[in-house]
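Since the structure comes first, as structure tokens, the remarks are kept for the end.
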Protein chains: 2
Amino acid sequence: MANKKRTTLKDIAVKLNISPAAVSKAMHDDSRISDRTKEAVKRVAKELNYQPNHLASALRKGKSNLVGVIVPRTNSNFFSSVLENMEAVLNKAGYNIIITQSNESFEKECKNIDTLLYTQVDGIIASMANETVDLSHYEKIKSNGIPLILFDRGENDLNVDYVGINDYDSSHVIVEHLVEKGCKRIAHIGGYRRTRIFNNRIRGYVDALKKNKLPIDDSLIVESALTLEDGRLKMEKLLKLKDRPDAIYAASDYAALGALQVLNENRINVPNDIRLVGFGNEPFTSLVSPSMTSIDQHSKDIGRIAANTFLDYAAKDDVKQSLNKIILDAELIVRDSSK
Amino acid sequence: MANKKRTTLKDIAVKLNISPAAVSKAMHDDSRISDRTKEAVKRVAKELNYQPNHLASALRKGKSNLVGVIVPRTNSNFFSSVLENMEAVLNKAGYNIIITQSNESFEKECKNIDTLLYTQVDGIIASMANETVDLSHYEKIKSNGIPLILFDRGENDLNVDYVGINDYDSSHVIVEHLVEKGCKRIAHIGGYRRTRIFNNRIRGYVDALKKNKLPIDDSLIVESALTLEDGRLKMEKLLKLKDRPDAIYAASDYAALGALQVLNENRINVPNDIRLVGFGNEPFTSLVSPSMTSIDQHSKDIGRIAANTFLDYAAKDDVKQSLNKIILDAELIVRDSSK
DNA sequence: TATATTTGCTTAATCGATTAAGCAAATATA
DNA sequence: TATATTTGCTTAATCGATTAAGCAAATATA
């Protein structure tokens, strides 16, 4: 049966007739403890199946070795891949991560932050919910004196570290690609302008058109929730234009998929009649017909870099953060939808 | 700037010239504390921005109010939906959850369990990795005296609570549906038999064939890793049979999608030439062409029930678990691929 | 040989919050 | 009025692990 009581340092100390302090030091290979004692302690620890009490050591050391992570949702390939790589780096450094989802809700995000602070995490790595405009709950993290690292969805005003891809340049890469294929009327199903990354994609799109001497047509720029359903709606709207676009650049793969469905249903040939490019390189982009051109966001690198940024702060004594952006180049994955 | 030091109960006590014990009781609305004192304490707590130290209270109370969750991966719709609903129930009861991913790896699963036990969680809710055969790490949870609840991917031998759908019956529902459509040679791209749920689906498939007086053809039953790639391979293999199947029942939507791609590439009409049914009701099933018939696993209910099962144990003094299965009926969502 | 240093531990305090035990004052009951 | 009960707190111990300070014995150095 189960040992009702967990083994503590004291149990080991009693068994070996030494002080709990000596046991603690032996477990941490303190140089002032003899090898004989260390061996004995470790042997007895194993015998009694000793598991250190994290709460006690965290309380005493003022450090929980936990990192909180907030993502809008885990069921996208991008975020789950970021998480996986983040975790690998942090685990190696002796940290464990607590994953929370905001479900794109501002309220939930606030609650998540409270939970994480309450759990005494040593730092928070977050990607902001779509709904979030007010930043006071993020300020709370900073005023707690623990590092805050943002990725993908960030905000300059917080003056903290940020890791993400170059959204502005990505739009350029996409537009150049479409122009090269002969497209003249490129529509953009974009996200809400208030979210920085989507705003950057819109700006990039506009500037890239200018650079290629193409006219800016406001009817070809639509703001969208970027869900599959909204992608469908916005595509239907675009098809009703007198002068139809010959290419669609959607700021998310889900919206692009919605657009693709509408195009397929209307027997509009992709890529011959209208070319289509998505964003995010979700696994399904290679699965649909025709397969979809998209932007890969280097989720692995983002996860690793965000984790390492946290570790840099963890190694220091005091946390002094400033706006420090690490911007990665995104990669265009060309597939059938734009060939 | 940030308050370098966090506010503690003692700070409030000093300010009000009462004992920390009284402050603690006031914060918890102890009946033996006067309303006057309670009000004063709460006012000062707000003034000083007091945040209780979770580590200290958890250590003292021997209860962390954290629940650990282990899933194979978060980027499937099923698991992310389970997590969302689980979290909602647990949050309401004052618990927070720590999500970890095993990535289907036995080794990672062991590490996750160690992490969660180390973090002093009050219970663990888990869905087992595909690789897992040895159960000793799960036994470790039980011997720690905290409740263990399994869902979706469980194991009878552990003698703990389990929540899942009726895989055996689901296979019957699928086979009946295909038989009704006139199918005579139904192939099954199944998972590995050692995983209980997949074994049950295979058994259900075989028994349902028998029940419908259809012959059992071993060449129509293939064991698969159930990934998209493996679904493709297994479908290609099935197409090479002298006597081709007229229906495919895949034990995962990803494998079914692989099969669908191969069928589409070979210009085999789905559903007219071969009918296709998947499992899991992943969002893409309604997005592909033709849309795919699949089984919905009631992720919301599973998440809620698993959470409530944990809460039942949390309310009790001692944890005495036994094999206790809660089996939900799954629902067949009929789409174009089998119409 | 006398002093300094190192080794290998122990003692006691601490991290914050909680709680059993107890005490004095206020109030209720006989 | 005398005793019992309740109210509103305080005191002190505790949850385990860690660590600063310190001490005696062993060893090194002059």
Side-chain angles (χ1 to χ4, degrees), chain A residues 3-42 44-45 48-66 94 117-122 144-145, chain B residues 3-42 44-45 48-66 94 117-122 144-145:
Chain A
N3 293 339
K4 214 64 245 167
K5 277 277 243 181
R6 294 178 49 132
T7 304
T8 67
L9 282 188
K10 211 180 150 196
D11 297 330
I12 301 176
V14 167
K15 184 131 183 181
L16 289 171
N17 207 25
I18 55 176
S19 72
V23 176
S24 171
K25 286 176 184 159
M27 293 297 287
H28 291 90
D29 280 323
D30 188 296
S31 62
R32 296 279 288 272
I33 299 292
S34 69
D35 288 348
R36 236 176 74 92
T37 305
K38 281 179 191 169
E39 275 163 36
V41 164
K42 284 172 186 174
V44 173
L48 300 181
N49 189 28
Y50 171 69
Q51 303 270 115
N53 186 319
H54 165 250
L55 299 172
S57 75
L59 173 62
R60 179 58 231 255
K61 294 201 284 190
K63 189 163 175 294
S64 67
N65 274 54
L66 291 171
L117 292 178
Y118 171 73
T119 316
Q120 239 70 29
V121 294
D122 292 340
N144 253 270
Chain B
N3 293 338
K4 215 61 247 169
K5 278 276 243 178
R6 295 177 50 129
T7 305
T8 67
L9 283 188
K10 211 178 150 195
D11 298 330
I12 301 176
V14 167
K15 184 132 186 181
L16 289 170
N17 205 25
I18 56 175
S19 70
V23 176
S24 171
K25 286 176 185 159
M27 292 297 287
H28 292 91
D29 279 323
D30 188 297
S31 62
R32 296 279 287 274
I33 298 292
S34 69
D35 288 348
R36 236 177 73 93
T37 305
K38 281 181 191 168
E39 274 163 37
V41 163
K42 285 172 184 173
V44 174
L48 300 181
N49 189 28
Y50 171 70
Q51 303 270 114
N53 186 320
H54 165 250
L55 298 173
S57 76
L59 174 62
R60 180 58 231 256
K61 294 201 283 188
K63 190 162 173 295
S64 67
N65 273 53
L66 291 170
L117 292 178
Y118 170 73
T119 315
Q120 238 71 27
V121 294
D122 292 340
N144 253 270

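Every chain is numbered from 1 and lettered A, B, ... according to where its sequence line falls, protein lines coming before strand lines.
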Any chance you could measure A/Gln120, atom CD, to A/Asn144, atom CG, to the nearest 0.5 Å? 8.0 Å
Are any of the side-chain nitrogens in A/Lys42 or A/Asp29 under 4.0 Å away from the carboxylate oxygens of its partner? yes
Flag side-chain contact, heavy atom, 4.5 Å: A/Lys10 against A/Thr8: yes
Verdict with supporting geometry, A/Asp11 and A/Tyr50, side-chain contact (heavy atoms from CB on, under 4.5 Å): CA-CA 9 Å; A/Asp11 297 330; A/Tyr50 171 69; over 6 Å; no
Taking atom P of C/dT7 as reference, at what distance in whole Å does atom CG of A/Asp35 sit? 12 Å
Validation row: B/Leu16, B/Val41 side chains within 4.5 angstrom (heavy atoms): yes
Taking protein heavy atoms under 4.0 Å as touching, what does nucleotides 12-24 of chain C look like 5' to 3' if B marks base contact, S marks sugar-phosphate-only contact and - marks none? -BBBBBBBBBB--
If we only count heavy atoms from C-beta on, is the B/Arg32 to B/Lys25 side-chain gap below 4.5 Å? no
Just how far is it from atom CD1 of B/Ile33 to atom CD1 of B/Ile18, taken to the nearest 0.5 Å? 7.0 Å
Categorize A/Ser34 for me: base, sugar-phosphate, or nothing, with a 4.0 angstrom heavy-atom threshold over every strand shown. sugar-phosphate
One should report the stems of DNA chain D, each a stretch of at least three consecutive Watson-Crick or G-U pairs at distances under 3.5 Å, as C:1-30 with D:1-30
Mind calculating the distance between CG (A/Asp30) and P (C/dT10) to the nearest angstrom? 13 Å
Report yes if some heavy atom in the side chain of A/Lys15 is under 4.5 Å from a heavy atom in the side chain of A/Thr7; otherwise report no. no
